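As a basis for the values below, the full set of heavy atoms in this structure was taken, side chains included, without hydrogen atoms, waters or symmetry mates. One-based numbering along the sequence shown. All of these numbers come straight from a predicted model, not from anything done at the bench.
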Amino acid sequence: GAKMKRATVLATATAALVALALLTPTPARAAETGHYTLGLGGVKSTCMPTKGLFARAYFVSYNASKTTDGSKEKRDLQFDLDVFAYAQRFIWATKHQMLGGHYSCNVVFPYVKSQVKMGARNIRDSNQGLGDIFVEPFTLCWHSPHWHTLLGIGFYIPTGDYDQNRAANPGRNYTTTMVTAGTTYTFGRQNRWSAAALSRFEFHGQNDDTQITPGHGYSLEWAIAKTKKMGPKIWDLGLVGYSHWQLTNDSGAGVNYNAQIHDRVHALGLEVRFSRPKAGHFFCLRHLEEFAARDRTEGKTTTLVYTVRM
């Protein structure tokens, strides 16, 4: 919906898992956006571990000095937003199979630090703390020589602090159910190329303080990469991007803006990925810049991810 309802613009990083929660709007007042943090998925994003316990650390930085209206025009608000999030994810990949896929589950604990400024509205706020925890109790992964497909369902729990009178909040004060589905295809000589696409559908509950239920959303993250193997080490360099569309209107007694205006944004960037699969170490760094934002912030996202087998 038309995001001038709460200028907590992107102040929660999930992680959104992520699960992190890196986006929260406010007055000036932007309506609520989704839980999921765009840009967490990238090269070979559905190539999940097949067995074992893994710890995955996300370090996410989001910076924006632009927010747009329903016509994608820049709002003259002297706006500036800086968000840093650290999220710790634990993945348990089991040997059990269902419908031919390997069963796994995971949980994400995000810590969010944000600072938002809107000079035209005399708004300046900063905050930090535990964000909304993400739990994904059910994930199935199918693997073959060329295809790696994933299907999962998870839930954001409103564990983070929230104050509707503040511009920066670690939490969102509502629940979200997220369905994830995607695939990675490897091709070429010795599978030296990969193409990945990962979809996420978010179904939101009501924020009881604002009496607003955010509209449901759909996000698509994709990547095309070249792989170079050097003994036990594997390097990937790729082009990455994401798009997000709000699918339904914001609703509830607190909606006092044009809820038929749906937010959307696109981004494009690069990723480098290094891994030593047999040793259980995986590292990636990606940077994306947003464009064509509508009714939301438009900024830059940098994500560092490190995964280790425990």
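Side chain to side chain, Ser275 and Lys44 fail the donor-acceptor criterion of an N or O pair below 3.5 Å. A side-chain donor from one of Thr46 and Thr184 sits under 3.5 Å from a side-chain acceptor of the other. Counting only N and O atoms by type, the side chains of Gln88 and Tyr111 include no donor and acceptor under 3.5 Å apart. Side-chain contact annotation: His262 with Asn249, donor-acceptor N/O pair under 3.5 Å present.
In plain terms, the two heavy atoms of Pro145 and Asn191 that are nearest each other are O-ND2, 3.1 Å. What you find for Val135 and Pro137 is that their closest heavy atoms are O-CD, 3.5 Å. Among all heavy-atom pairs drawn from Gly131 and Val112, the shortest one is CA-CG2, 4.4 Å. Pairing each heavy atom of Asp161 with each of Pro170, the nearest pair is O-CD, 3.4 Å. The two residues His204 and Gly215 come nearest to each other via the heavy atoms CD2-O, 3.1 Å. For Ala64 against Thr297, the heavy-atom pair with the smallest separation is CB-CB, 4.2 Å.
Heavy-atom neighbours of Trp92 CH2 from other residues, nucleotides or ligands within 6.0 Å: at or below the threshold of 12.
The OG atom of Ser104 sits 14.5 Å away from the NZ atom of Lys51 when rounded to the nearest 0.5 Å. A distance of 8.0 Å separates CZ in Arg56 from SG in Cys284, rounded to the nearest 0.5 Å. Of the inter-residue distances, the one linking Leu288 atom CG with Leu38 atom CG reads 9.5 Å to the nearest 0.5 angstrom. Once rounded to the nearest 0.5 Å, the distance linking CH2 of Trp193 with OG1 of Thr227 reads 9.0 Å. The structure places CG of Leu77 at 12.5 Å from NZ of Lys66, a figure rounded to the nearest 0.5 Å.
The aromatic ring centres of Phe201 and Tyr218 sit less than 6.0 Å apart. Between Tyr174 and His35, the distance from one ring center to the other falls under 6.0 angstrom.
Neither Phe274 nor Ile224 shares a network with the other; the hydrophobic side chains, linked directly or stepwise wherever heavy atoms of I, L, V, M, F, W or Y lie under 4.5 Å apart, form separate groups for each.
The ring-ring contact (aromatic ring centres under 6.0 Å, His included) test with Tyr86 is passed by exactly one of Tyr306, Phe59, Tyr58: Phe59. The residue from Asp82, Asp80, Thr302 that alone fulfils the side-chain hydrogen bond (donor to acceptor under 3.5 Å, both in side chains) condition with Asn63 is Asp82. Screening Asn207, Asp208, Asp163 for a side-chain hydrogen bond (donor to acceptor under 3.5 Å, both in side chains) with Asn173, the sole residue that qualifies is Asn207.
Within the 3.5 Å criterion, the main-chain N or O of Tyr36 finds a donor-acceptor partner in the side chain of Glu202. Formation of a donor-acceptor pair under 3.5 Å by the Thr68 side chain with backbone atoms of Asp295 is found in this model. Looking only at distances, a side-chain donor or acceptor of Glu271 sits under 3.5 Å from a matching main-chain atom of Val43. The backbone N or O of Thr248 sits less than 3.5 Å from a side-chain atom of Gln246, completing a donor-acceptor pair. Using modelled atom types, no side-chain atom of Trp142 and backbone atom of Trp147 make a donor-acceptor pair closer than 3.5 Å. Distance alone, capped at 3.5 Å, is enough to place a donor-acceptor pair between the Asp132 side chain and the Thr159 backbone. Judged by distance alone, the side chain of Tyr62 and the main-chain N or O of Gly299 form a donor-acceptor pair under 3.5 Å.
Under a 4.0 Å N-O distance rule, the pair Glu136/Arg89 qualifies as a salt bridge. Using a 4.0 Å cut-off between charged nitrogen and carboxylate oxygen, Asp236 and Arg273 count as a salt-bridge pair. Classification of Glu221 and Arg200 as a salt-bridged pair holds, one side-chain N sitting under 4.0 Å from a carboxylate O.
Taking Phe90 as the reference, nothing meets the ring pair (Phe, Tyr, Trp, His ring centres under 6.0 Å) condition, with sequence neighbours excluded. Remark: Arg294 engages no residue in a salt bridge (Lys or Arg N to Asp or Glu O under 4.0 Å) (not counting sequence neighbours).
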Hey, mind stepping through Val60 and Leu40 against side-chain contact (heavy atoms from CB on, under 4.5 Å) and telling me if it holds?
-> CA-CA 9 Å; Val60 182; Leu40 292 184; 3.8 Å; yes

Leu151 vs Phe138, side-chain contact (heavy atoms from CB on, under 4.5 Å): CA-CA, chis, key distance, verdict = CA-CA 8 Å; Leu151 176 65; Phe138 182 83; 5.6 Å; no

